[in-house]
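Worksheet: the structure to be examined is printed underneath.
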Amino acid sequence: MGSAAPDDRPDVASDAEPDIEALRAVQNSPRFRALKRRHRLFVLPATGLCLAWYLAYVLTAGYAPQVFATPVAGSMNLGMVWGLAQVATTFAVTMLYVWYANKYLDPAAAEIRAELEPVLAGAGAATGAGAGGANGTRA
């Protein structure tokens, strides 16, 4: 059960350095900035709302436990319902993020990646350690 050393892996350029200027150009490009902005547009509000929802739960449990003791149905009280709602919220936000990422983030990221891969592959080929072109030949 030994692990392969990085040099033993096929098609991995151990001494290839990425083109830092190309990476910086992508980071500064309007498309990458738009992708980051679109990601933050979902993540920051969703995180804030979830944290506020959880904080309300914890503070209510700590400072007003009588609220959670309110019976709802049978032996079920408001604290149990609210706790289950916390779990349901986690699943709902996760599913919403997956939908959002599939629809808006992943296509934009794939376009940027497709532009950048030839540049990075060229860095590996230039050092003589890259995988070469699509047909396995070196450039």
Side-chain angles (χ1 to χ4, degrees):
M1 297 240 318
S3 62
D7 295 334
D8 295 343
R9 292 179 291 166
D11 297 332
V12 174
S14 60
D15 59 349
E17 302 242 351
D19 184 355
I20 300 301
E21 292 306 315
L23 294 175
R24 284 195 181 122
V26 169
Q27 282 182 327
N28 294 325
S29 71
R31 286 178 29 196
F32 187 77
R33 288 179 187 265
L35 175 62
K36 286 182 4 182
R37 185 173 33 259
R38 186 167 259 178
H39 179 258
R40 279 191 229 114
L41 186 68
F42 181 92
V43 171
L44 294 179
T47 301
L49 288 172
C50 287
L51 285 174
W53 171 234
Y54 180 71
L55 185 61
Y57 175 76
V58 170
L59 291 175
T60 303
Y63 293 105
Q66 68 279 7
V67 172
F68 279 175
T70 305
V72 173
S75 62
M76 191 88 130
N77 63 26
L78 187 59
M80 294 170 76
V81 172
W82 199 341
L84 291 171
Q86 290 284 325
V87 174
T89 300
T90 301
F91 283 106
V93 169
T94 301
M95 290 188 308
L96 188 61
Y97 178 77
V98 168
W99 170 82
Y100 184 82
N102 286 338
K103 185 168 176 74
Y104 297 108
L105 303 177
D106 292 347
E111 288 176 12
I112 293 169
R113 186 180 312 114
E115 263 182 32
L116 191 57
E117 280 180 345
V119 173
L120 295 178
T127 63
N135 63 2
T137 61
R138 296 203 190 274

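All residue numbers in this chain count up from 1 along the given sequence. Reckoned from all heavy atoms, side chains included, excluding hydrogens, waters and symmetry mates. Predicted, not measured: the structure shown is a model, and the values here were computed from it.
- Between P107 and A101, the shortest heavy-atom contact is CD-O, 4.0 Å.
- With values rounded to the nearest 0.5 angstrom, K36 atom NZ is found 5.5 Å from R40 atom CZ.
- Residues V87 and V81 are members of separate hydrophobic clusters, defined by side-chain heavy-atom contacts under 4.5 angstrom among Ile, Leu, Val, Met, Phe, Trp and Tyr.
- Here the shortest heavy-atom pairing between T89 and C50 reads CG2-SG, 4.4 Å.
- Between the CG atom in L35 and the CZ atom in R33 there is a gap of 12.5 Å [rounded to 0.5 Å].
- Note: W82 and Y57 have perpendicular aromatic rings, judged against thresholds of 30 and 60 degrees for the angle between ring planes.
- No single ILVMFWY cluster, assembled from side-chain heavy atoms under 4.5 Å apart, contains both V43 and Y54.
- A continuous path of hydrophobic side-chain contacts links Y100 to F32 [ILVMFWY only; heavy atoms under 4.5 Å].
- A distance-only check finds a donor-acceptor pair linking the side chain of T70 to the backbone of V67 [under 3.5 Å].
- Between the CG atom in D106 and the CD atom in E111 there is a gap of 11.5 Å [rounded to 0.5 Å].
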Exercise for review: Using the side chain to side chain contact (heavy atoms under 4.5 Å, CB included) rule, take M80 and N77 through it: C-alpha gap first, then chi angles, then the decisive distance, then the call.
Suggested key: CA-CA 6 Å; M80 294 170 76; N77 63 26; 3.3 Å; yes
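- Ring geometry for Y104 versus W99: interplanar angle over 60°, hence perpendicular rather than tilted (30 to 60°).
- In this structure, I112 and R31 approach most closely via the heavy-atom pair N-NH2, 3.6 Å.
- Taken to the nearest 0.5 Å, the CG atom of L78 stands 11.0 Å off from the CD atom of Q66.
- Contact between L116 and A22 at its shortest, heavy atoms only, is CD1-O, 4.2 Å.
- If you take CZ on F91 and CG on L96, they are separated by 15.0 Å, rounding to the nearest 0.5 Å.
- A continuous path of hydrophobic side-chain contacts links V26 to L105 [ILVMFWY only; heavy atoms under 4.5 Å].
- In the hydrophobic clustering of this structure, L49 does not group with Y97; members are Ile, Leu, Val, Met, Phe, Trp, Tyr whose side-chain heavy atoms approach within less than 4.5 Å, directly or through other members.
- Summarising the hydrophobic clusters (Ile, Leu, Val, Met, Phe, Trp, Tyr; side-chain heavy atoms under 4.5 Å, direct or chained), the residues clustered with L51 are none.
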Practice item. Might you work through the side chain to side chain contact (heavy atoms under 4.5 Å, CB included) test for I20 and R24, ending with a clear yes or no? Key: CA-CA 6 Å; I20 300 301; R24 284 195 181 122; 3.4 Å; yes
